[in-house]
Amino acid sequence: MPDVKERAARKEPGAAESASRESRGGNTRESASSAQGHRSCMTERVHDASKLDCQLEERSLSSSSLKGKVKDTMPSDFWEHLNEQLSAVPPDFSCALELLKEIKEILLSLLLPRQSRLKNEIEEALDMEFLQQQADRGDLNVSYLSKYILNMMVLLCAPIRDEAVQRLENISDPVRLLRGIFQVLGQMKMDMVNYTIQSLQPQLQEHSVQFERAQFQERLNKEPRLLNHTTKWLTQAATQLIAPSASSSDLQDCSSSAGPSPSDVAVPEPLSPAMVLSQGFLNLLTWDPENEEFPETLVADRPRLQELESQQSQLTILASVLLVASSFSDSGLFSSPQFVDKLKQITKSLVEDFNSRPEEVMQSVSEQVVEEVHQGLESMGLAALSSENTASLVGQLQNIAKKENCVRSVIDQRIHLFLKCCFVLGVQRSLLDLPGGLTLIEAELAELGQKFVSLTHHNQQVFAPYYTEILKTLISPAQTLATKGGSL
């Protein structure tokens, strides 16, 4: 029986190193037609790798594996067929052998490189040639092998899977047990992938920063005017902050790192590099797609910025709808998390096409929201909306389709204020005191803010030397030293 002490070795970084070697091997095939194209492709790959989400959803194994084949057809068909084979007289072990072979491969993939003793033990216990001989004689002990696999899973699984493995120990039916084993092994495989990614993340991040900066410097040496658009972008941001418009003045409220929450933050004077950068990054979320003067330092991030802009735009409409609807409803209705969640899901699904057909979308939204409000009030025993209020609610919801709609404009500014606070204070502190009208979308804002901070933080790490040189010409040394946020 395997030594329980081996379980502790699962937490050492050997698997991460192994995954790193495999990752580097998989990135060697480039299709660029020139050396410059090759370097550009490599830069994008490293850039993307540094932003890997540390948690992957559970996915099936490759389509060529048994699990892939089972999922491609009907899972129940396979397990029913396995049950028929094992129940036959004499039993047929062909499906069981194929399943055991797949399970063996998964168990071996969960081992760290140094766990040679466990590897040898699994190879011996699940020797497919020997098991085939037992099957040919008709004495393959599937139940015994299942118990052995369970014991091995106890040693190799992460603590989060302990309960699932323990539940399997109570299953006596061999087919149900094998099915459960295979399901939990799939989860364990994803645990290993997530662990590997988490272990690699710091190295990937550091390597990406150095690699991207070196690649950019190489281009800059050949193209001295490469930073022209970046300089123009930062100059525009500084100009906005020096002479802010009525619509952008609120966005300066979080420009200082002092204070416990966004509402407590005062506007520091004079400007700091952090203020200019934060304003510049926010401007990218409303960038005209026809404007080709995109900052050179953010070209690789443009698709992500466009995705963030789309997400932010949809949240603006969602929050506007919730704010308008709540103003017409009894407070008890919108204090119900179930009602709010249902209304949010309905609105989210409808506003996905808002940019292409805003009037039509908001007409559908108004109809659905009014119906849900009426049903919610009735189910809670609250007073129904009058016909006059219903008509007013419909009208105000449909007016959100207009860019100049005051509710939409205010919500848009407040979401930008929140993102600016995230840039300066961090997401968690910015969530402590959300601007009015945003509390109902707190979870969605947290996700948006985290993505925005992650993107901008990495970009700052890579291009900080270039931003510092540009900002020296925009902010005097005295101004920089006068603010706490003077450094990048």
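Keep in mind that the numbers below use all heavy atoms, side chains included, and drop hydrogens, waters and symmetry copies. Everything numeric in this text was worked out from a predicted model, so none of it was measured.
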Measure the [atom1]-[atom2] distance between [X] and [Y] for me, rounded to the nearest 0.5 Å.
| X | Y | atom1 | atom2 | answer |
| --- | --- | --- | --- | --- |
| T347 | L318 | OG1 | CG | 6.0 Å |
| L282 | I415 | CG | CD1 | 11.5 Å |
| F334 | T439 | CZ | OG1 | 11.0 Å |
| E307 | L448 | CD | CG | 10.0 Å |
| L168 | Q166 | CG | CD | 10.0 Å |
| K104 | K101 | NZ | NZ | 9.0 Å |

Output all residues satisfying side chain to side chain contact (heavy atoms under 4.5 Å, CB included) with [X], sequence neighbours left out; order by chain, then residue number.
| X | result |
| --- | --- |
| L305 | L284, L285, F294, L298, D301, L455 |
| I470 | T230, T231, L234, L474 |
| Q450 | V427 |
| E129 | D127, Q133 |

Exercise: identify the closest heavy-atom pair between [X] and [Y]:
| X | Y | value |
| --- | --- | --- |
| M275 | L241 | O-CD1, 3.4 Å |
| C422 | V453 | O-CG2, 3.5 Å |
| L156 | M188 | C-CE, 3.8 Å |
| G280 | W233 | O-NE1, 2.8 Å |
| T297 | N459 | O-ND2, 2.9 Å |
| I441 | A319 | CD1-CB, 3.7 Å |

(message) Using the side-chain hydrogen bond (donor to acceptor under 3.5 Å, both in side chains) criterion, which residues pair with S94? Sequence neighbours excluded.
(response)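 Per chain and number, S94 pairs via side-chain hydrogen bond (donor to acceptor under 3.5 Å, both in side chains) with Q85, D92.
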Would you call [X] and [Y] a side-chain contact if the rule is heavy atoms closer than 4.5 Å?
| X | Y | answer |
| --- | --- | --- |
| F182 | E102 | yes |
| L343 | L440 | no |
| F354 | V365 | no |
| Q217 | P465 | no |
| Q312 | D412 | yes |
| F78 | C95 | yes |
| Y148 | N141 | no |
| L277 | T456 | no |

(request) Check whether more than 12 heavy atoms from other residues, nucleotides or ligands sit under 6.0 Å from atom CZ of R176, and answer yes or no. (result)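 Result for CZ/R176: open.
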(message) Would V321 and V351 count as a side chain to side chain contact (heavy atoms under 4.5 Å, CB included) here? Give the steps.
(response) CA-CA 10 Å; V321 168; V351 301; 5.6 Å; no
(message) Below 30° counts as parallel, above 60° as perpendicular, anything between as tilted: where do the rings of F281 and F423 land?
(response)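 Taking F423 first and then F281, their aromatic rings sit tilted (interplane angle of 30° to 60°).
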(request) May I ask you to check whether D191 and Q187 show a side-chain donor-acceptor distance below 3.5 Å? (result)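 No, no side-chain donor-acceptor contact under 3.5 Å.
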(request) Classify the side-chain pair D136/Q132 by whether it contains a donor and acceptor separated by less than 3.5 Å. (result)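 Side chains of D136 and Q132: pair found under 3.5 Å.
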Is it true that [X] and [Y] make a salt bridge, defined as a side-chain N closer than 4.0 Å to a carboxylate O?
| X | Y | result |
| --- | --- | --- |
| E444 | K344 | yes |
| E447 | K451 | yes |
| K147 | E169 | no |
| K472 | E469 | yes |

(request) Step by step, work out the side-chain hydrogen bond (donor to acceptor under 3.5 Å, both in side chains) result for N283 and Q279. (result) CA-CA 6 Å; N283 288 344; Q279 183 62 48; 3.0 Å; yes
Return yes if some donor-acceptor pair links the side-chain N/O of [X] with the main-chain N/O of [Y] below 3.5 Å, else return no.
| X | Y | result |
| --- | --- | --- |
| R213 | Q461 | yes |
| R414 | G436 | yes |
| S430 | C421 | yes |
| S87 | E84 | no |
| S313 | S310 | no |

(message) Show, in sequence, the C-alpha distance, side-chain angles and deciding distance for L308 and L419, and conclude whether the side chain to side chain contact (heavy atoms under 4.5 Å, CB included) test is met.
(response) CA-CA 11 Å; L308 287 179; L419 291 176; over 6 Å; no
(request) Carefully, step by step, assess L145 and L140 under the rule side chain to side chain contact (heavy atoms under 4.5 Å, CB included). (result) CA-CA 9 Å; L145 292 171; L140 181 67; 3.8 Å; yes
(request) Mind checking salt bridge (Lys or Arg N to Asp or Glu O under 4.0 Å) for R167 and listing every partner two or more places apart, or none if nothing turns up? (result)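 Expected list: E163.
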(request) Go through I149 and M152 one step at a time and tell me if the side chain to side chain contact (heavy atoms under 4.5 Å, CB included) criterion holds. (result) CA-CA 5 Å; I149 293 167; M152 188 60 64; 5.6 Å; no
